Amino acid sequence: MRKIKVLHMYADMLDLYGDSGNMEILEYRCKMRGIDFQREKYSAGNDMPDLSSYDLIYIGGGADLEQQHISADLMRCREEMIKAYKSGSFLFLICGGYQLMGKYYRDADGNKIPGLGLFDYYTVAPDSRRMRCIGNIVIRTNIAEEPVNVVGFENHGGQTHNVKTPLGEVLCGSGNRSGGKTEGYFEKNVIATYLHGPMLSKNPEIADYMIKYCLKHSGAEEELTPINDALEKKCRSVMLKRLLKQ
Ligand code: GLN
């Protein structure tokens, strides 16, 4: 039986706007294809697992306070995380998790929370807590077999700069920063994004991109049998119609 090994990090601290739903969606899509989805959790202070042994590592979003709370623990994972990323484990990072893999996140109170520095981007929140990027968002990405409009929800103060390889182009909403045109960060084994929702619920192509990658990483056949995504796509098209006036 094909198997994907997944580590959900800080699920108890970083889980905003349905982020843990992304795990349920991946699990469902694997189950429909007879793929064993082995999900484990890691919380601050736990024994350090061998991060490279996972096909996928997932970190959700959180408020500034939670990000501060896990920051020291995350630093403890730095070498392991770099090893896992370099050896090809997939990193799926939402909002706060996205910010913490960059150089740093300076929060709304001016505290500089160090990131793991895996990537060159950095994030700075405006001084005023009122200036947040909040609302529905649509981005166009080319990572799937065909270009796809991806829909989600964003709520972040942090403005992310110096993103060299974004996940997509913003069609509606803010993305990496207010007034900018790009959203998220992408490499073949990294999807980092501001999209909550949970993000995968209306965007099955993104879920399948990750599942295929993970199967290949695990050494298994990556071919996926199609699933009936009519409902997911209908939900998305309702939102696209509303947001893009399509
Ligand atoms: N606290 C961070 C910010 O406001 C991340 C928020 C989030 O994960 N939604 O930018």
Side-chain angles (χ1 to χ4, degrees), residues 8-25 41-44 57-75 77 81 91-139 150-163 166-168 170 172-186 190-203 206:
H8 187 175
M9 295 183 76
Y10 309 113
D12 48 351
M13 299 278 258
L14 302 180
D15 180 18
L16 285 180
Y17 319 114
D19 284 345
S20 61
N22 284 325
M23 291 291 98
E24 289 170 37
I25 291 152
K41 289 188 179 175
Y42 170 85
S43 297
I57 295 170
Y58 178 56
I59 309 181
D64 290 3
L65 192 65
E66 273 89 43
Q67 287 175 278
Q68 271 174 41
H69 283 327
I70 61 131
S71 137
D73 191 85
L74 194 62
M75 276 299 157
C77 304
M81 190 67 93
L91 306 186
F92 182 28
L93 312 163
I94 309 288
C95 203
Y98 167 24
Q99 296 170 345
L100 292 173
M101 292 299 135
K103 288 187 169 162
Y104 61 86
Y105 169 46
R106 205 179 72 215
D107 72 16
D109 294 325
N111 302 307
K112 194 169 172 182
I113 305 174
L116 290 195
L118 255 64
F119 311 118
D120 282 343
Y121 57 78
Y122 59 93
T123 305
V124 178
D127 299 335
S128 164
R129 287 186 180 279
R130 285 163 190 249
M131 290 171 62
R132 296 184 67 80
C133 302
I134 306 176
N136 294 310
I137 172 166
V138 182
I139 65 168
V150 166
V151 65
F153 168 78
E154 62 181 330
N155 184 355
H156 54 105
Q159 308 289 297
T160 301
H161 301 263
N162 200 30
V163 176
L167 175 64
V170 177
C172 166
S174 297
N176 285 333
R177 56 201 164 94
S178 178
K181 299 218 173 330
T182 66
E183 204 289 316
Y185 178 81
F186 175 74
V190 183
I191 290 181
T193 177
Y194 276 111
L195 270 62
H196 300 277
M199 190 234 196
L200 300 181
S201 60
K202 300 185 193 69
N203 305 295
I206 308 299

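Atoms within a ligand are numbered from 1 in the order they appear, just like the ligands themselves. It should be emphasised that the depicted structure is a prediction, and the values quoted were computed from it without experimental measurement.
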Just checking, K112 and Y104: is the charged tip under 6.0 Å from the six-membered ring centre and within 45° of the axis?
-> yes

State, yes or no, whether a side-chain contact exists between Y58 and D19 at a heavy-atom distance under 4.5 Å.
-> yes

Here the atoms of ligand 1 under 4.0 Å from any heavy atom belonging to G157 are 3 (C), 4 (O), 10 (O)

Looking at ligand 1, does Q99 have a heavy atom less than 4.0 Å from it?
-> yes

Output the list of atoms in ligand 1 that are nearer than 4.0 Å to some heavy atom of N155, sorted by atom number.
-> 6 (C), 7 (C), 9 (N)

Could you walk me through whether Y10 and D15 pass the side-chain contact (heavy atoms from CB on, under 4.5 Å) test, one step at a time?
-> CA-CA 8 Å; Y10 309 113; D15 180 18; over 6 Å; no

Closest non-hydrogen protein atom to atom 7 (C) of ligand 1, residue and atom name please, with distance?
-> C95 SG, 2.7 Å

Without swapping roles, check the side chain of E183 against the backbone of K181 for a donor-acceptor pair under 3.5 Å.
-> no

Which protein non-hydrogen atom lies closest to atom 6 (C) of ligand 1, naming both residue and atom, and how far is it?
-> G62 O, 3.2 Å

Per-atom contacts, ligand 1 versus L16 - under 4.0 Å to a heavy atom = 7 (C), 8 (O), 9 (N)

Indicate yes or no for a side-chain donor-acceptor contact from H156 to the backbone of A125 under 3.5 Å, with no hydrogens or angles considered.
-> no

Distance-only, no hydrogens or angles: does the N176 side chain make a donor-acceptor pair with backbone N or O of G184 under 3.5 Å?
-> yes

D64 contact mode with ligand 1 (heavy-atom cut-off under 4.0 Å) = both

Can you list the ligand 1 atoms lying under 4.0 Å from a non-hydrogen atom of G61?
-> 8 (O)

Determine the minimum heavy-atom distance between N155 and H196, stating which atoms define it.
-> N-CD2, 4.3 Å

For G158, the atoms of ligand 1 under 4.0 Å from one of its heavy atoms are 3 (C), 10 (O)

Using a 4.0 Å heavy-atom cut-off, say whether Y105 meets ligand 1 through its side chain, its backbone, both or neither.
-> side chain

Would the number of heavy atoms belonging to other residues, nucleotides or ligands and lying under 6.0 Å from CE of M75 be above 12?
-> yes

Side chain or backbone of D107 under 4.0 Å from ligand 1, or both, or neither, by non-hydrogen atoms?
-> neither

State the atoms of ligand 1, each with its element, that fall below the 4.0 Å cut-off from a heavy-atom position in A63.
-> 1 (N)

Member of F119, Y121, Y105 meeting the ring-ring contact (aromatic ring centres under 6.0 Å, His included) criterion with Y98 | Y121

Which protein non-hydrogen atom lies closest to atom 2 (C) of ligand 1, naming both residue and atom, and how far is it?
-> Q67 OE1, 3.1 Å

Considering distance alone, does some N or O of H156 sit under 3.5 Å from an N or O of ligand 1?
-> no

Residue portion contacting ligand 1 (non-hydrogen atoms closer than 4.0 Å) for H196 | side chain

Sub-3.5 Å donor-acceptor pair from the side chain of N111 to the main-chain atoms of D107, do we have one?
-> no

